[in-house]
Colleague: 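So that we are looking at the same thing, I have put the structure below in structure tokens.
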Amino acid sequence: MPAPDDHTAAAGPSPRLAFLGPAGTFTEQAARSLAPKLAPKLATGQQASGDQKPSVALEPCSTVTVALDLVRSGEVAGAVVPIENSVEGSVPVTLDELATGDPLVIAAEATVPIQFSLIARPGTTLEAITLVGTHPHAAAQTRKWVASNLPQARVVHTNSTAAAGAGIADGTATWDAAITSPLAADHYQLQTLAQGIEDNASAETRFVLVTRPGAPASPTGADKTSLVAFIRTDHPGLLLELLEEFALRGVNLSRIESRPTGAGLGRYCFSIDCEGHIAEARVGEALMGLHRTCDDVRFLGSYPRADGVRTEVEKGTGDGDFREAESWLASLRNGD
Ligand SMILES: O=C(O)C(=O)C[C@]1(C(=O)O)C=C[C@@H](O)C=C1
């Protein structure tokens, strides 16, 4: 179990929220914004009147796997982990952890704009840097800047961006500089050698709040549903059939990607986000269709979209349309 940082620790009965740490990760920023969703009454870090502790205690973890295992074992109420970056794509470890092991669900999502800084011990010059530490997603998002400004340097991957900064601060790092969030420089008392070094200035990462399974929050009209479909047998048109379950019911997909199941070469599952809530008929019917035709469907939660964009319900696919069609069918069956 990682030691909580002093700025995040809290004693007593506060619910605990794990996140990919250490302090200063982008995930910590997301965890702070998602914490109120775990304990809706009080926000993280907000001191209640008198001596009361912050409502949610943030628990930095060394990896996504460690954070999610703490949720599975019940040691924490939830975990915030990165799932998708607008430049580098999905975070495979998160998709795979959610697709396997004891079931977990997504309760909420948040997006964080991503800007990177190059940080090092005070006095370090760009010319002196031969090794740079950072998270693989951050390395991919700063590749061009590093090639132009640190052509002599090699990049080594760390568990998170802040872990690379922490390593320099505590003297355990083999690297001379770290690519981190701008906040990490202050936290680890390192010097910012360059800021805004991201190759794409509008990059953002989506983070999810993961909990043990429970009833999803009520529909808001601007929701997303996540699931993993494990196919039965590979055959021509399989992906088309899967997509048809959604298309026929007017359900728009916001993400679909195949991931290996680990059972052998060519054995894949599909990780899917679609617009809408499982409580809505068209989404429920699409899931039932998948349930009938797939080997297994893992429901990963229905939760409000971070961007608040309301789902456009196509004509003929609203809950009322499904109800009307059902009563029409019943009347035919009853001979009315
Ligand atoms: O290392 C961090 O600071 C993280 O929060 C992880 C993470 C990621 O997994 O993509 C988050 C956002 C950035 O894209 C880089 C790294």
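Here, residue 1 is the first one in the sequence, and each next residue gets the next number. Numbering of ligands and ligand atoms starts at 1, following listing order.
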Colleague: Tell me the protein heavy atom at minimum distance from atom 10 (O) of ligand 1, and give that distance in Å.
Modeller: His137 CB, 3.3 Å
Colleague: Does ligand 1 have a heavy atom under 4.0 Å from the side chain of Pro82, from its backbone, from both, or from neither?
Modeller: side chain
Colleague: Quickly, which of Val81, Val76, Val66 forms a side-chain contact (heavy atoms from CB on, under 4.5 Å) with Cys61? Name it, please.
Modeller: Val66
Colleague: Applying the side-chain hydrogen bond (donor to acceptor under 3.5 Å, both in side chains) test to Gln141, which of Thr205, Asn200, Thr134, Asn85 qualifies?
Modeller: Asn85
Colleague: Establish, from distance only, whether the side-chain atoms of Thr65 and Glu97 form a donor-acceptor pair under 3.5 Å.
Modeller: yes
Colleague: Verify the distance criterion only: is there a donor paired with an acceptor across the side chains of Asp176 and Thr130 at less than 3.5 Å?
Modeller: yes
Colleague: Of the protein's non-hydrogen atoms, which lies at the shortest distance from atom 11 (C) of ligand 1, and what is that distance?
Modeller: Phe207 CZ, 3.9 Å
Colleague: Show the atoms of ligand 1 that are less than 4.0 angstrom away from any heavy atom in Ser160.
Modeller: 1 (O)
Colleague: If I apply the N/O under 3.5 Å rule, does Thr27 come out as touching ligand 1?
Modeller: yes
Colleague: Polar-atom distance check: Val91 versus ligand 1, any N or O pair below 3.5 Å?
Modeller: no
Colleague: Using a strict 4.0 Å threshold on nitrogen-to-oxygen distance, state whether Arg259 and Asp96 make a salt bridge.
Modeller: yes
Colleague: Are any of the N/O atoms in Thr161 less than 3.5 Å from those in ligand 1?
Modeller: yes
Colleague: May I ask you to check if ligand 1 and Thr205 share an N or O to N or O distance below 3.5 Å?
Modeller: yes
Colleague: Which atoms of ligand 1 sit under 4.0 Å from any heavy atom of Leu20?
Modeller: 6 (C)
Colleague: What are the atoms of ligand 1, with element, lying closer than 4.0 Å to any heavy atom of Gln141?
Modeller: 13 (C), 14 (O)
Colleague: For Arg232 and Thr293, which I'm curious about, is there any donor-acceptor pair between the side chains at under 3.5 Å?
Modeller: no
Colleague: Among all the protein's non-hydrogen atoms, which is closest to atom 16 (C) of ligand 1, and how far away is it?
Modeller: His135 ND1, 3.7 Å
Colleague: Where does Asn85 meet ligand 1, judged by heavy-atom distances below 4.0 Å: at the side chain, the backbone, both, or neither?
Modeller: side chain
Colleague: Apply the test side chain to side chain contact (heavy atoms under 4.5 Å, CB included) to residues Ile106 and Leu98: give CA-CA distance (whole Å), side-chain angles for both, the deciding distance (0.1 Å), then the verdict.
Modeller: CA-CA 9 Å; Ile106 299 171; Leu98 293 176; 4.1 Å; yes
Colleague: Is the count of non-hydrogen atoms from other residues, nucleotides or ligands lying under 6.0 Å from Glu244 atom CD greater than 12?
Modeller: yes
